[in-house]
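Numbers restart at 1 for each chain; the letters A, B, ... are given by sequence-line order, proteins then strands. The analysis underlying the following values was restricted to heavy atoms, covering all of them including side chains, and did not include hydrogens, waters or symmetry mates. Keep in mind that what you see is a predicted model, and the values were worked out from it rather than measured.
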2 protein chains.
Amino acid sequence: MTEKHDFDLQNFLPYLLNQAAEESSLAFQQVYKDRYGMLRTEWRVLFHLGIYGRMTAKEIGQRSKMHKTKISRAVARLGERRFLTRQQDDRDRRLEYLELTNLGQTAYRDLLGVAKTYDAKLSASLSAEEDRVLRSVLRKLASFDTAD
Amino acid sequence: MTEKHDFDLQNFLPYLLNQAAEESSLAFQQVYKDRYGMLRTEWRVLFHLGIYGRMTAKEIGQRSKMHKTKISRAVARLGERRFLTRQQDDRDRRLEYLELTNLGQTAYRDLLGVAKTYDAKLSASLSAEEDRVLRSVLRKLASFDTAD
DNA sequence: TGTTAATAGTTGATTTTGTAACTAACAACC
DNA sequence: GGTTGTTAGTTACAAAATCAACTATTAACA
């Protein structure tokens, strides 16, 4: 019953992508977890605000494709810990503008440094061409629409 | 306070990989979930047994890098649903050999077909060269060792 | 043989996520 | 102005993942 098969899990793109994603984010995960006790969602929100500046939860959702409940909880936690402030829009009181505090900025800059170094280290294991193709293709796949 | 930054999340490889992995597995996830009510862990165990044949939970763990508790629970559920059988080794009664039942084989073959089609569809959005480089690089990254 | 260590796998408690329903505010239209 | 629909964000509850402690068994070796 030990049939030979022509299919290898390592050749199934979603699986392979997932393995690569998992493996390549392990060490970075360790840093934001150990240094700031953050979750992936929180790190992401922090970076969105650090990179793009003041914005609403909704905008973060549009950019990151994270579900709004994840964002809501991440924002709540980052707020409690004084990494960001929340300010209601007067015109439309459903909107809340999120902005990093100094503490948040500091954490962001720290993690940004780590991220850059880490990304460079990953890149270093690839040729320039591989690196270029990889990023371009990943962007394509990240916006892949599975409609028939 | 809307500083300009030179860093884009889309250029941070772990993030980009994760986005691509998420997006590219959505539609397939829908299939094993809808057709068989399976979780990702269960689908993976099913495929390991389908592809590599009879093996123990430990061996699945080594190949897939899934944590043993995930595997244990996935195996339990697949067992309850008669997708696999469990047989203790007489020599070492800690070991249990897992093997797909006919029902499991059928489900595997069905999902295998879906996976192949799906993978082909993903591939089709890339050039032959992109596809080749992508898979090769992902394999490299999947075994990336983050030791300093 | 008896003690200690290691291994395969399971279970329980806690944390995190996912889904759906909800609140509060605004918009559109009559 | 009052209904109906939409939108931003939150909350409650269920499902799943994580982590640590546990059982049962085998190995190591004094």
Open item on the list: Between P on dA24(C) and CG on Leu95(A), what's the gap in Å once rounded to a whole number?
Closed with: 17 Å
- [ ] Rounded off to whole Å, could you give me the CE-to-P distance for the Met66(B) and dG9(C) pair?
- [x] 13 Å
- [ ] Establish, with yes or no, whether the OP1 or OP2 oxygen of dA16(D) is under 4.0 angstrom from a side-chain nitrogen or oxygen of Lys70(B).
- [x] no
Task: Arg93(A) side chain vs Gln88(A) backbone, donor-acceptor pair below 3.5 Å - done: no
Open item on the list: So if I take every side-chain heavy atom of Arg73(A) and compare against dT7(C), dA8(D), dT17(C), which nucleotide ends up nearest?
Closed with: dT17(C)
- [ ] Could you check His67(B) against Thr69(A) and say which one's nearest nucleotide on DNA chain D is further toward the 5' end?
- [x] Thr69(A)
TODO: Enumerate the residues from residues 80-89 of chain B whose closest heavy atom to DNA chain C is under 4.0 Å, giving them by residue number; use none for an empty result.
DONE: Arg86(B)
Task: Atom-to-atom span, NZ of Lys58(A) to C1' of dT10(D) - whole angstrom - done: 17 Å
Task: Minimum-distance nucleotide to Arg93(B) side chain [options: dT19(C), dT26(D), dT10(C)] - done: dT26(D)
Open item on the list: Using whole Å, what does the distance between atom P of nucleotide dA17(D) and atom CD of Glu42(B) come to?
Closed with: 9 Å
Task: Test ring pair (Phe, Tyr, Trp, His ring centres under 6.0 Å) applied to Tyr32(A) and Trp43(A), Tyr118(A), Phe47(A), the passing residue - done: Trp43(A)
Open item on the list: If we ignore hydrogens and angles and just use 3.5 Å, is the side chain of Lys65(B) paired with the main-chain N or O of Glu22(A) as donor and acceptor?
Closed with: no
Open item on the list: Looking at Lys33(B), I'd like to know whether one of its side-chain N or O atoms comes within less than 4.0 Å of OP1 or OP2 on dT19(C).
Closed with: yes
TODO: Quickly, which of Leu103(B), Val45(B), Thr41(B), Leu98(B) forms a side-chain contact (heavy atoms from CB on, under 4.5 Å) with Leu78(B)? Name it, please.
DONE: Val45(B)
TODO: Take Arg91(A) and Arg77(A), find for each the nucleotide of DNA chain C with the closest heavy atom, and name the residue whose nucleotide sits nearer the 5' end.
DONE: Arg77(A)
Open item on the list: Using a 4.0 Å heavy-atom cut-off, does Leu39(A) contact any base of the nucleic acid, only the sugar-phosphate backbone, or nothing at all?
Closed with: sugar-phosphate
Open item on the list: Checking Asn102(B) against Arg82(B): is there a side-chain donor and acceptor pair closer than 3.5 Å?
Closed with: no
TODO: Starting from P on dA17(D), measure out to CD on Gln29(A) and report it in whole angstrom.
DONE: 15 Å
Open item on the list: Could you tell me how far apart Gln30(B) (CD) and dG18(C) (P) are, to the nearest whole angstrom?
Closed with: 13 Å
Open item on the list: Between C1' on dT7(D) and CD on Gln62(A), what's the gap in Å once rounded to a whole number?
Closed with: 11 Å
Task: Partner of Arg86(A) under salt bridge (Lys or Arg N to Asp or Glu O under 4.0 Å), chosen from Glu80(A), Glu99(A), Glu96(A) - done: Glu96(A)
Open item on the list: Please determine whether any donor N or O and acceptor N or O are separated by less than 3.5 Å between the side chain of Arg94(A) and the base of dT7(D).
Closed with: yes
- [ ] Indicate yes or no for a side-chain donor-acceptor contact from Asn18(A) to the backbone of Ala21(B) under 3.5 Å, with no hydrogens or angles considered.
- [x] no
Task: Nearest-neighbour nucleotide for the Thr56(B) side chain, dG9(D), dG9(C), dT19(C) considered - done: dG9(C)
TODO: Would you mind reading off the distance between Arg40(A) atom CZ and dT15(C) atom C1', rounded to a whole angstrom?
DONE: 15 Å
Open item on the list: On the nucleotide dG9(D), are OP1 or OP2 found under 4.0 Å from the side-chain N or O atoms that Ser72(A) carries?
Closed with: no
Open item on the list: Please pick, from dT10(C), dA13(C), dT10(D), the nucleotide with the shortest atom-to-atom distance to any side-chain atom of Glu96(B).
Closed with: dT10(C)
Task: Lys68(B) side-chain N/O to dG9(C) phosphate OP1/OP2 under 4.0 Å - done: no
Task: Polar contact flag, side-chain donor to acceptor under 3.5 angstrom, Arg94(A)-Thr56(A) - done: no
